[in-house]
> 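Below: one structure in structure tokens.
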Amino acid sequence: VQLQASGGGLVQAGGSLRLSCAASERTFGSYVMGWFRQAPGKEREFVGGISRGGGGTYYADSVKGRFTIYRDSAKNTVYLQMNGLKPEDTAVYYCAAGRDRHYNPHMFGYWGQGTQVTVSS
């Protein structure tokens, strides 16, 4: 499956952004989807994930209560709604598709190209 992430940009602290990740296949529904991020000089870290049917989500502690993941199967798209953004959220954000629920990026086999999110203080 090919993934195309979009929606990044520059926002002030406290603001919001919504990232989108469009999948190329109708089999999109058979994948667990995840969002990850990577800041300069740091390892790629898990942000959140969503089950195949969209009924279950899981998040990193650092974003719980601020970020929400949901998916639209009709559009083959998964979204990451980010509210209450902080400067430490600045990173390149990636969407990924995998077969099972995981936090480890190595367990996701398909990746989008990444979209930059910059939060100014």
> Run the side-chain donor-acceptor check on residues 39-51: report pairs under 3.5 Å with partners two or more places apart or on a different chain.
{"unit_1": "R44", "atom_1": "NE", "unit_2": "Q38", "atom_2": "OE1", "d": "3.3"}
{"unit_1": "R44", "atom_1": "NH2", "unit_2": "Q38", "atom_2": "OE1", "d": "3.4"}
{"unit_1": "E45", "atom_1": "OE2", "unit_2": "R37", "atom_2": "NE", "d": "2.6"}
{"unit_1": "E45", "atom_1": "OE2", "unit_2": "R37", "atom_2": "NH2", "d": "3.2"}
{"unit_1": "S51", "atom_1": "OG", "unit_2": "G54", "atom_2": "N", "d": "3.4"}
{"unit_1": "S51", "atom_1": "OG", "unit_2": "G55", "atom_2": "N", "d": "3.2"}
{"unit_1": "S51", "atom_1": "OG", "unit_2": "G56", "atom_2": "N", "d": "3.0"}
{"unit_1": "S51", "atom_1": "OG", "unit_2": "G56", "atom_2": "O", "d": "3.4"}

> Are any non-hydrogen side-chain atoms of Y94 and L3 less than 4.5 angstrom apart?
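In short, these two side chains do not touch, never coming nearer than 4.5 Å.
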> Let me confirm one number: the OG1-CE distance from T77 to M33, rounded to the nearest 0.5 Å.
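One gets 9.0 Å once the value is rounded to the nearest 0.5 Å.
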> Rounded to the nearest 0.5 Å, what separates atom CD in Q116 from atom CG in L10?
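Q116 CD to L10 CG: 9.5 Å, rounded to 0.5 Å.
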> List for me each residue that meets side-chain hydrogen bond (donor to acceptor under 3.5 Å, both in side chains) alongside S6, sequence neighbours excluded, and say none if there are none.
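Expected list: none.
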> Scan for disulfide (SG to SG under 2.5 Å) pairs involving residues 50-94, sequence neighbours excluded, and state none if there are none.
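Not a single pair qualifies under disulfide (SG to SG under 2.5 Å).
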> Identify, with sequence neighbours excluded, every residue that meets side-chain hydrogen bond (donor to acceptor under 3.5 Å, both in side chains) alongside Y103.
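Counting only residues at least two positions away or on another chain, Y103 forms a side-chain hydrogen bond (donor to acceptor under 3.5 Å, both in side chains) with R101.
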> Listed by chain and number, what are the ring-ring contact (aromatic ring centres under 6.0 Å, His included) partners of F108, not counting sequence neighbours?
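ring-ring contact (aromatic ring centres under 6.0 Å, His included) check on F108 returns F36.
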> Could you report the tightest heavy-atom contact between V78 and W35, atom names first, then the distance?
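The answer is O-CZ2, 3.8 Å.
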> What about L80 and F28, same hydrophobic cluster or not, with Ile/Leu/Val/Met/Phe/Trp/Tyr joined at side-chain heavy-atom distances under 4.5 Å?
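Yes: a chain of side-chain contacts under 4.5 Å links L80 to F28.
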> Using the ring pair (Phe, Tyr, Trp, His ring centres under 6.0 Å) rule, collect all pairs that involve residues 3-25, keeping only residues at least two apart or in two chains.
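Listed once each, the pairs would be none.
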> Quick check: closest heavy atoms across Y58 and V32, and the distance to 0.1 Å?
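For Y58 and V32, the tightest heavy-atom pair comes out as OH-CG1, 3.9 Å.
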> Can you check whether D89 reaches M82 side chain to side chain, under 4.5 Å on heavy atoms?
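No. Closest side-chain heavy atoms not under 4.5 Å.
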> Any donor-acceptor pair under 3.5 Å linking the side chain of Y59 with the backbone of I69?
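Indeed, once roles are kept as given, a pair shorter than 3.5 Å links the two residues.
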> Begin with the C-alpha distance, continue with both residues' side-chain angles, and end with the deciding distance and a verdict on side-chain contact (heavy atoms from CB on, under 4.5 Å) for T57 and F67.
CA-CA 11 Å; T57 54; F67 291 11; over 6 Å; no
> Minimum heavy-atom separation for H106 to N104, with atom names?
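Where H106 meets N104 most closely, the heavy atoms are N-OD1, 2.8 Å.
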> Distance-only check: which donor-acceptor pairs under 3.5 Å involve side-chain atoms of residues 12-22, not counting sequence neighbours?
{"unit_1": "S16", "atom_1": "OG", "unit_2": "N83", "atom_2": "OD1", "d": "2.9"}
{"unit_1": "R18", "atom_1": "NH1", "unit_2": "Y70", "atom_2": "OH", "d": "3.0"}

> Do V63 and Y93 share a hydrophobic cluster, counting only Ile, Leu, Val, Met, Phe, Trp and Tyr and linking them when any side-chain heavy atoms are less than 4.5 Å apart?
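Yes, same cluster.
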> Run the side chain to side chain contact (heavy atoms under 4.5 Å, CB included) test against E88 and tell me which residues pass, sequence neighbours left out.
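Partners of E88 by the side chain to side chain contact (heavy atoms under 4.5 Å, CB included) criterion, ordered by chain and then number, come out as K86.
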> E25: what forms a side chain to side chain contact (heavy atoms under 4.5 Å, CB included) with it, not counting sequence neighbours?
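With neighbours one apart ignored, the set is V1, T27, Y31.
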> Which salt bridge (Lys or Arg N to Asp or Glu O under 4.0 Å) pairs, counting each pair once, include a residue from residues 69-79, with sequence neighbours left out?
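Qualifying pairs: none.
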> If a pair satisfies disulfide (SG to SG under 2.5 Å) and one of its residues is in residues 23-55, list it, with sequence neighbours excluded.
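Counting only pairs at least two positions apart or across chains, no disulfide (SG to SG under 2.5 Å) contact touches residues 23-55.
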